[in-house]
Structures are given as C-alpha cells and as structure tokens.
Number of protein chains: 2
Amino acid sequence: MSGKRSPARRPTMKDIARHAGVSQSAVSFALNGRPGVSEDTRDRVRQVAEELGWRPSTAARALSGEGAATVGFVLARPADTLGVDSFFLQLVSGIQEVLAERHLGLLFQVVEDVADECAVYRRWWAEHRVDGVLVVDPRTDDPRPDLLDGLGLPAVVIGGAPDVRHPGLSTVWADDAGAMASVVDGLHALGHRRIVHIAGLPGLAHTERRVRTLRAEAERRGLPEVRSVTTDYSDAAGAAVTRRVLRGDAPPTALIYDNDVMAVAGAAAAAELGFAVPADVSVVSWEDSALCRMVKPWLSALSRDSVEFGRTAARELTALLDGGPARAVRVPVPRLTERGSTGAARDV
Amino acid sequence: MSGKRSPARRPTMKDIARHAGVSQSAVSFALNGRPGVSEDTRDRVRQVAEELGWRPSTAARALSGEGAATVGFVLARPADTLGVDSFFLQLVSGIQEVLAERHLGLLFQVVEDVADECAVYRRWWAEHRVDGVLVVDPRTDDPRPDLLDGLGLPAVVIGGAPDVRHPGLSTVWADDAGAMASVVDGLHALGHRRIVHIAGLPGLAHTERRVRTLRAEAERRGLPEVRSVTTDYSDAAGAAVTRRVLRGDAPPTALIYDNDVMAVAGAAAAAELGFAVPADVSVVSWEDSALCRMVKPWLSALSRDSVEFGRTAARELTALLDGGPARAVRVPVPRLTERGSTGAARDV
DNA sequence: TTTAGTGGCTAAAGCGCATTAGGGTCACCG
DNA sequence: CGGTGACCCTAATGCGCTTTAGCCACTAAA
C-alpha cells in the first residue's frame, strides 16, 4: 500500500538498535555471539534483525578489519582459448559450493596472461577486495607464489606440486606422475611401444610433470620412440600434431592427449588419415567429459572429479582464512576409464 | 634490507597526505579530479600515490556512498548441467573485458535454481556487495525483474525480449524469432517438410520464443509435421530425443538443436540408427563452437559472437550505473554457417 | 560497612574514504 | 584603503560496523 516506489533502504544496526531499544554495541555483541548481553536481549535483537531483513554491510565489515568476505579467482587465458572446457566451470562450481556455505563471495576475473594476473592480485590486495585467492595453472618458474607471499595474501595453488619454498601457500594437487606411469604401464602391457603424448602448454607445472614422467617411464622400459609434443590445448593443435606424427615414419600406435578437446579432434584427424581407432592407433584423453562420449568410438579417458577438486581447494582456503596452517593436499589419482578407443597394439 | 617478512601494509590516503605534505581532503580532491587543489599539488599527490602503490579501498569507498565497484553474475544451473558449454565462459570473458576497463569487479555465483538466485540478489543487495547485476536465462513468468526492480538494483537481462513492464531494466537480446524464421526458410527451400526442433529447457524465454516462431512459420507454410520437443540441454537428452523421433513413423528430414552439445550427440545418435547426415537427415546446431567442427560431417550452425554479446551487456550495465536510461539493445541476428550437415531433403 | 567483583549495558573511537563547511591569502575593483 | 571574490587548502563529519573503555546496579567476600 505504501507506494514502495523508492528503492528500499538497507536496514542498519542503528535501526535494529532503535527497534530493540538497546545500543548499537549491544546489537553488535548480540549478533556476533560475543559476551556482554543477556540471552534475553540477544534473542530479541536477533529477532528484530530477522524481521528487518538485516545483513551486515560487507563494506563496513571490511573497513573495521574483518576482511572482505570474498575470495578471488583469476583465469589467465586468452578469450578464444576458453572455449569448450568443462574443467573450469566444474571446478568453480565445486568451489562455490563450499564458499556459499560460509557466505563468502567469489570475485572472478579473466585476463590475458600471468603478468596481468599478478597485476590483478596487487590491485585486489590494495583495494582490500579479497581475503585470499585460488591460483590455477601453476607454472614452472611461477612469479605468483612469491608475489602472494609478499602481499601476505592467503592462497591455495590448484594443480601444483607441493612447494617447499612457499610455506605460506596451500596446495591441492593430483598425482599426474602416478597417473602417467599407470597409463604408460597399461599401454605397454597392450603391446604399445611407440607412444606420443600430445601435451598441453609448455611451462605449465603439470605439463612438465607429465612430460618428465613419460620420459622417465620410457627410459625405464627402454622405449626410445616415446615422446611428448606440447601444444596450446586447442582442437586445431590437437588435430595438427596428430596428423604430423601419424604421417611420419613408424607412426605411433598410441596417443595420449592432455585434454578432451584435443583427444576428440585428434581421433577425428586420425580417422581421416585412414587410421582406425583403436585398431591402428589407441587414443587416451587426459580429461573426461561428455565430449569423450560424443564420438565413435567413445574415448578412454582419465576421469577425475573436478567438482570435488574445487571443493577441496575451497576448503583449504577457508581453513587458511581461519588461521589454519598451510597444507599440501593430494586428491585421488585420476583413474583410467577404459572405453572403446584403446586396444592392443597392431603387430608392427 | 628491512626484513619485509611482515605482510606489507596497505598505503592509505593518510600516508599520501603525509608524504605530500597536504591534508587528506586535498589528496581526495586531487585523486578524484575534483576542483579545490592546484595543478601543481594535484600532480605531486598523484605521483606520491603512484610511488606508494596506492589504490582506493573499495570497502571505504562503498561505505561513503560510492557503490561497491562490483557487479554480480549468477548462474542458476545444477552443477552437472554446466559441463561442456562454451557459451557462458565466452559471455563472461566479454563481460570482463568491459568491466576491467573500469576496474569493476565481477562477483560470480553458481546456484541450483531461480529461487536461490533471488536469495543471492537479496543478500548481495543487503550486504551492499554489488552495484548491479547481469541476469541470464530469463524465463516466462520470471520473478527476478520484479525483485530487482523492488530492490532498486540496476540490472541487464541477457537474452530476454524487451520487457515493457520493467522500465528500469535494460535488455540485451538476439532476435531468435527472426533467426528461427530464416532457418526454417532455408530448410523449406531445400525441400524439408518434416522438421523437429530439439529445444532447450521449457520455461526459458528464448526457448519459448523459438518454439512459438517455429509453430507460426509451420502454420504459415502449412507444414503439419513440424514440431518442437523440449529438453534439458544435455547430450543425453539430445541423443534420446533424436532416437525417439527418428524411430517414429515418417521420421523428420531435418533436426534443429538448441545447442551444440545436443546437436553433436544427436548427429551421432542418428548415424548409429543408420541415418546418414545430411543425406537422410539434416542437422542444424543453434550454437557454434569448436564442437561443431569435431565431428564428421561438420555441423551447420547458427553463429553468434558470444564474447561481443557479453561486451554489449556489460556496456549497458555500466551505462545504467552511470545513471543512463534503461534500454533494449538487439544484437545482430545470428547467421547460419552452412557446413556439411545440411542438404536437400531426400525424396519422401 | 566497605571493597571488590561481575553481569549487562552504553558511549566513543576508529577503519579509509568523500564531502561539506570554513579559513586563510591574494588580486582586483570601487 | 576597505571590501569582495576567487583560489587553495584544512578541519570535521558521516558511512556501518567492531571494539575498547567505562558506567551502573547488584552481590559476595572481608
């Protein structure tokens, strides 16, 4: 009835104090569970706050030293690269789940490269915008841990190996090395001797881990014709590299792709070249998603629970925000879901 | 040398004032381009601020009435639904581009349904967290415009039709009706008479628009065997519906899918059933992405520039934040990129 | 009876900024 | 030579919250 045309005013603690007939400080004590008010008053205040639909102004909270109730997440990828990638949305969705419970906001930003990412961290810190950040795509020789350490910004590195040089940062990681070893193991058992690993971006920590492990495994088994090729993760690169290696002399009999997009594109490229999957060449995707079940044959893939990965990372960050110690948490080794794209190596 | 172990302190305007030998107010005037200081002083203050790496505390800014310098974006989708969807990441990336220029943050949240989404808006508003929001997936009978209007929270609805009932909200929309008409036109010209539209979620405004238009076009041309089937956008649903309609009597000769994921899954399902694409059945995807070029034949698709779509939406929102009037902006009609999946209808 | 607590509350200060109301100083006009 | 702006600048206030200091009444101990 009252013509609610003018945008409603936000209720403040002052309003609550007035309605409840107490001082602002009493309201603050009551609402924050601090001693200094009787249970009676506390209940009354709580009730009034509820009725008024009061919520603490994050700005005011942040200003009086309580932190911004927000964590940051920066994705450093050129716009066109983040096309068909299920990993990040799932990761974020898991992160959200945990953050939402604690009413923590997620400040999200997409930038071009790591330098820009660092700039964003500096800005966020100076602007007092976030209490902590989640860092993805760790690199070999990464400037971010040093920066965040210096700023004193709590952070969880997602996908990096435990970093002894930065005891302030938590790490959540998957055992790529172990997974790679087991994949090579499986392929070797199937008779594969010539294996090419179509890797992701060079410089990324997990790319390097996989590449190193593959090389080590190959040496251990005495397989000279096993190697990695780095790419930019795009479908185009996946297809291009596939064509190149299959056209060479003594083409590989097994291909390991670092993501689903390249695996699908690569499998298609192989088929075009007349290589049957898996009769002529086996294909493994290091990322499972609906994509892997959209092509014929379905692609064998390493599955990991990206949503849970996100949850774990967020939990580590909240623990850090609560003053807990930094930790290195390993999530379960991704396991290979065998589908139709892997089989015994053709006799050479 | 000075043992920078303790996390650096954020410089404040007080620090600048001290270094520059002026009052805080002078600093404020200087830094915000307000009159009241000489150009000399202004430059000096700017320089000091620069040296100290000062950035305004958003908390303090927000508290003194300047807004939170942040806009919100809520995605109401169950976690497992947001798998292989290139649209949102691209949209967000476009949004970011515009927001970053103005140093506006993007608060991002994933929730289960629209009710939760509304709760998030209320909370954000009460907590003074955002200055405006971007709303996606508008529905028929949507509670959000009313809510946002009531809260006085500036908002841009992405993908909705212009809404005369909420003159406070801007709208950025694509002409689905026109696009649908032109697709039907093209298929009709190729001889197709039995067309099935495998649509997205019922209740979504653009789904309804497309469904309505398709029906109208069919009636206009006297095609009784043209219809829409709604789904949940998943690959599974796309494949299932495809199988169902192709197995029926008088199967359709053309299929229009509301997204790329369903189109690819559907095309695969058709192939499995022995329907050659496009000889037996033509396939059109209402979303273009790398996915469409990962299958054989490549899928004809309606391409729109999602990144630009995001930019446009963000620009409208910033205009709104600047006090500009609400507008309804139409982005270019998506155009059909003809690829190998569409062809003349087989003689019936 | 005084003294020391103690529980329940209020007043006041401070966080970092924007903004309003003045307070000097100088040049210019009458 | 006093008056009047214009120009630069400072002091002080408020935004909504947390927190410290302190007040008052009442009880328990000395």
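Below, read A as the first sequence line, B as the second, and so on, with proteins coming before strands; counting in each chain starts at 1.
When the ring-ring contact (aromatic ring centres under 6.0 Å, His included) test is applied to B/F73, the partners found at least two apart in sequence or on another chain are B/F108. With sequence neighbours excluded, no residue forms a salt bridge (Lys or Arg N to Asp or Glu O under 4.0 Å) with B/R139. Judged as a side chain to side chain contact (heavy atoms under 4.5 Å, CB included), and not counting sequence neighbours, the contacts of A/D113 are A/A115, A/D116.
Taken over five-pair windows at either terminus, the axes of the helix from C/dT1-D/dA30 to C/dG30-D/dC1 are inclined to one another by 70° (rounded to 10 degrees).
Atom CG in A/L169 sits 8.0 Å away from atom CG in A/L320 (nearest 0.5 Å). Distance check, rounded to the nearest 0.5 Å: CZ of B/R10 to CG of B/D15 gives 12.5 Å.
A distance-only check finds no donor-acceptor pair linking the side chain of A/S25 to the backbone of A/S23 [under 3.5 Å]. Looking at A/R44, its side chain never comes within 3.5 Å of a backbone N or O of A/G21 through a donor-acceptor pair. Without hydrogens or angle criteria, A/D131 side chain to A/A69 main chain gives a donor-acceptor distance under 3.5 Å.
Between A/D137 and A/R77 there is a salt bridge, since at least one side-chain N of the basic residue sits less than 4.0 Å from a carboxylate O of the acidic one.
Among B/E101, B/E97, B/E308, the one residue that satisfies the salt bridge (Lys or Arg N to Asp or Glu O under 4.0 Å) test with B/R315 is B/E308.
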> Where along nucleotides 14-20 of chain C does protein come under 4.0 Å, by heavy atom, of base (B) or sugar-phosphate alone (S), with - for untouched nucleotides?
Replying inline: BBBBBBB
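If you walk DNA chain D from 5' to 3' and mark each nucleotide with an atom closer than 4.0 Å to a heavy atom of chain A, the marks span D/dG16 to D/dT20.
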